[in-house]
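Following: one structure in structure tokens, then a few remarks.
In what follows, chains are A, B, ... by sequence order, proteins preceding strands, each numbered from 1.
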2 protein chains.
Amino acid sequence: MSEYLDTCLRLARAQAVLVKRFDNQLGRLHGLSFADFVLLQQLGSAPGGRMRRVDLAAAVGLTASGVTRSLGPLERIGLVEREPDPRDARVAYAALTEAGRERLQHAEKAAGQLAASVLGGEEWAPGEVASLAGYLARLGGTGLPGPTA
Amino acid sequence: MSEYLDTCLRLARAQAVLVKRFDNQLGRLHGLSFADFVLLQQLGSAPGGRMRRVDLAAAVGLTASGVTRSLGPLERIGLVEREPDPRDARVAYAALTEAGRERLQHAEKAAGQLAASVLGGEEWAPGEVASLAGYLARLGGTGLPGPTA
DNA sequence: GAAATTTACTTGAGTACTCAATGGTTGTGG
DNA sequence: CCACAACCATTGAGTACTCAAGTAAATTTC
């Protein structure tokens with residue numbers, strides 16, 4: 001039982017360490033937080049670079065309120081824009097702008113490199129990262145947007 | 001490269017899912033957040049149930065400011081108390097009170113059960129949880145306080 | 001066709017931190 | 001012995017959310 005709790009604590013702590021590294025790197029190079037990056041990436045993978053805010057919330061694990069709070073700054077700096085639904089006034093879309101697309105591209109490169117530096121070292125035997133990904137999936141960890149693993 | 005980033009995203013997401021479950025369970029049963037629990041547990045494992053606040057910060061991965069912010073409410077509800085250092089006025093100790101010890105005991109039981117329900121199911125083959133713990137340690141995930149794994 | 005219900009989103013208030021600045025204390029070096 | 005450096009902790013302000021309440025719109029039910 002103690003092993004399970006230990007593992008949960010490790011997960012929480014490993015995440016904090018990892019997200020801080022992403023925040024630092026993405027913040028310094030691209031003015032984005034990790035959370036910003038996740039949102040932009042989700043939009044970048046959506047058809048036409050756009051999706052309903054309610055769907056975006058579900059996709060990234062935030063509440064609708066959280067999506068409103070998170071998209072506000074991104075809209076202000078022009079990386080995302082809000083589009084109405086032509087038929088349903090309740091619905092709004094979040095759409096990546098051209099500037100957002102470009103920023104995302106650069107951020108993805110930086111994030112990919114950081115991820116590679118974290119998980120691509122010699123201390124990881126072949127298959128271990130895939131195993132880790134599988135375990136995390138089991139715990140509710142969705143990964144890159146797109147066809148599910 | 002994409003596999004590495006995918007795994008990082010999974011880690012972030014899995015943690016959010018996990019911590020939310022702990023927050024809900026511990027919050028409902030014991031009026032504690034997961035972060036509260038982590039602090040109390042760290043103190044519970046320290047000699048005499050007490051440690052310097054600067055050391056507590058390091059142990060749980062918070063800044064000194066974060067420890068101040070987090071211990072405030074716990075001090076107010078009497079689970080933790082602040083003690084001065086007899087010789088060094090710069091230093092303050094955080095110490096578990098008797099009420100804190102009791103609350104921690106109950107919370108540990110609940111947390112252990114939740115951890116077991118998350119990681120103790122049939123979908124985890126023998127050794128997989130230990131592997132996961134090892135991978136998380138590699139990523140900076142410290143676990144239960146006490147002798148390092 | 002209108003009332004009730006559901007859906008989508010925002011907003012006020014709150015939580016859980018970090019950052020930077022600040023102040024007090026102790027230790028070190030000349 | 002004093003100036004400077006380092007250590008410890010707090011606080012104001014900020015970030016990144018959630019929760020609950022509220023509003024508007026669409027759908028469902030009778």
Provide the full list of side-chain hydrogen bond (donor to acceptor under 3.5 Å, both in side chains) pairs with a residue in residues 94-103 of chain B, sequence neighbours left out, each pair given once.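 Only B/Glu98-B/Arg101 qualify under side-chain hydrogen bond (donor to acceptor under 3.5 Å, both in side chains).
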
Any side-chain heavy atom of A/Leu104 sitting closer than 4.5 Å to one from A/His30? no

Quick one: are A/Leu56 and A/Leu62 in side-chain contact, heavy atoms under 4.5 Å? no

Classify the nucleic acid contact of A/Ala64 as base, sugar-phosphate or nothing, counting any heavy atom under 4.0 Å across all strands shown. base

Pairs of donor and acceptor atoms involving the side chains of residues 16-24 of chain A, under 3.5 Å and at least two apart or interchain, shall be tabulated with distances.
from	atom 1	to	atom 2	distance (Å)
A/Asp23	OD1	A/Phe34	N	2.7
A/Asn24	ND2	A/Lys20	O	3.4

Who are the side chain to side chain contact (heavy atoms under 4.5 Å, CB included) partners of [X], not counting sequence neighbours?
X: A/Ala57; answer: A/Val67
X: A/Glu75; answer: A/Arg53, A/Leu71, A/Val80, A/Arg82
X: B/Gln25; answer: B/Arg28, B/Leu29, B/Leu114

Under 4.0 Å from any heavy atom of chain B: name the first and the last nucleotide of DNA chain D that qualifies, 5' to 3'. D/dA6 to D/dC19

Which ILVMFWY residues can you reach from B/Val91 by hopping between side chains whose heavy atoms are under 4.5 Å apart?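 Result for B/Val91 is B/Tyr93.
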
One pair to check against side chain to side chain contact (heavy atoms under 4.5 Å, CB included): B/Leu40 and B/Leu79. What are the steps and the verdict? CA-CA 8 Å; B/Leu40 294 182; B/Leu79 303 181; 4.2 Å; yes

Go through residues 48-63 of chain B and report each residue with a non-hydrogen atom lying under 4.0 Å from DNA chain C, sorted by number. B/Gly61, B/Leu62, B/Thr63

For DNA chain C, what residues of residues 22-39 of chain B have any heavy atom nearer than 4.0 Å?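 B/Ser33, B/Ala35 - these, ordered by number, are the residues of the stretch whose heavy atoms sit under 4.0 Å from the strand.
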
Qualifying residues under salt bridge (charged side-chain N to carboxylate O under 4.0 Å, His left out), relative to A/Arg13, sequence neighbours excluded: none

Contacts to DNA chain D from residues 90-97 of chain B, heavy-atom cutoff under 4.0 Å, which residues?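 The stretch gives B/Arg90, B/Val91, B/Ala92 as the residues lying under 4.0 Å from the strand, ordered by number.
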
Polar side-chain atom of A/Asp85 near backbone of A/Ala92 as donor-acceptor pair, under 3.5 Å: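 Between the backbone of A/Ala92 and the side chain of A/Asp85 there is no qualifying donor-acceptor contact (under 3.5 Å).
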
Here the gap from B/Phe37 atom CZ to B/Gln42 atom CD, rounded to the nearest 0.5 Å, amounts to 11.0 Å

Of A/Lys20 and A/Ser65, the one whose nearest nucleotide on DNA chain C sits closer to the 5' end is A/Ser65

Report the residue (B/Ala89 or B/Ser70) whose heavy-atom-nearest nucleotide on DNA chain C is the more 5′ of the two.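 Residue closer to the 5' terminus by nearest nucleotide: B/Ser70.
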
Run the side-chain donor-acceptor check on residues 125-135 of chain A: report pairs under 3.5 Å with partners two or more places apart or on a different chain.
from	atom 1	to	atom 2	distance (Å)
A/Glu128	OE1	A/Ala125	N	2.9
A/Glu128	OE1	B/Arg138	NH1	2.8
A/Ser131	OG	A/Gly127	O	3.0

